[in-house]
**Student:** 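Take this structure, written in structure tokens, and hold onto it; I'll ask about it next.
Quick note: numbers below take in every heavy atom, side chains included, and nothing from hydrogens, waters or symmetry partners. Just follow the structure's listing: the first ligand is 1, and inside any ligand the first atom is 1.
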Amino acid sequence: MRKIKLETKRLILTEWGTTEEEIKFLKKNLNDKNITKTLFNPPYPYTKEDAIDFLNTREDAKKGGYYSFKIIRKEDDKIIGNISLNAKRNPTTGGAGYYIEKESWGQGFATEALAEIIKFAFKKLKLHKVFAHHYKLNPASGRVMQKCNMEVEGVLKEHVYKNGIYHDDIYYGILNKKER
Ligand SMILES: CC(C)(COP(=O)(O)OP(=O)(O)OC[C@H]1O[C@@H](n2cnc3c(N)ncnc32)[C@H](O)[C@@H]1OP(=O)(O)O)[C@@H](O)C(=O)NCCC(=O)NCCS
């Protein structure tokens, strides 16, 4: 199946393949506690087999409505992150999730990638809504959502137990206004 490729000023977002570079990126970053401590899903520690399994299941996941993109910085052609859009449970609503390698934080890359994914969700997939959520102790991610014009919809109190803490889970959403 042809890979979807999205482009912003500084980034290329394209679906994952199965290269050594990709396996290395996943293994390095999903074993970095700076990143994993505020993520919801991946196993920890994250093995090479976990990375291979993730990459090998992307095509099937996409058929079910779950899109995963590597984030490539154009300047040096380097993978710097991952962003996903999951419309598996509800085909009109996509849940977005993302991370950026620690060395590249604070330069607006997550915001640039999320804004593009929202555009993709509304223009290409014709979704009605995009949502995202973050732990209360991860305000940087909330800021990314705000900068993409998402609004707080609610807080699920002490909803997720991770690393010995019950985390408040803050939900943001944005509606596809052009649809109506
Ligand atoms: C959250 C994350 C994706 C942000 O990536 P990034 O590329 O640094 O994000 P951006 O540069 O686009 O924006 C970050 C914003 O958060 C702000 N910020 C950073 N730390 C903050 C803090 N402790 N409190 C409040 N705001 C903070 C930055 O100042 C910036 O806002 P600004 O442009 O108004 O100054 C990145 O830190 C990450 O990968 N974290 C680990 C994984 C993760 O938490 N993913 C999200 C799960 S919900």
**Student:** List in chain and number order the residues that pass ring pair (Phe, Tyr, Trp, His ring centres under 6.0 Å) with Y135, two or more places apart in sequence or in another chain; answer none if no residue qualifies.
**Tutor:** F40, H167
**Student:** For D76, is the CG atom crowded, meaning more than 12 foreign heavy atoms sit under 6.0 Å from it?
**Tutor:**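 Atom CG in D76 is crowded, with more than 12 foreign heavy atoms closer than 6.0 Å.
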**Student:** Going by atom types alone, do T57 and D60 pair a side-chain donor with an acceptor below 3.5 Å?
**Tutor:**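 No.
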**Student:** Following the transitive rule for hydrophobic clusters with a side-chain heavy-atom cut-off under 4.5 Å over Ile, Leu, Val, Met, Phe, Trp and Tyr, establish whether M150 and V155 coincide in one cluster.
**Tutor:**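 Same cluster: M150 reaches V155 through Ile, Leu, Val, Met, Phe, Trp or Tyr contacts under 4.5 Å.
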**Student:** Given N29, which partner from the list I100, I80, I35, N34 fulfils the side-chain contact (heavy atoms from CB on, under 4.5 Å) test?
**Tutor:**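 Going through I100, I80, I35, N34 one by one, the side-chain contact (heavy atoms from CB on, under 4.5 Å) with N29 is satisfied by I35 alone.
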**Student:** Does the cation-pi check pass for R58 over Y67, that is, NZ or CZ under 6.0 Å from the six-membered ring centre and within 45° of its axis?
**Tutor:** no
**Student:** Identify, chain by chain and in numerical order, each protein residue with a heavy atom under 4.0 Å from an atom of ligand 1.
**Tutor:** N34, I35, T38, L39, Y98, Y99, I100, W105, G106, Q107, G108, F109, A110, T111, H133, H134, N138, P139, A140, S141, R143, V144, K147
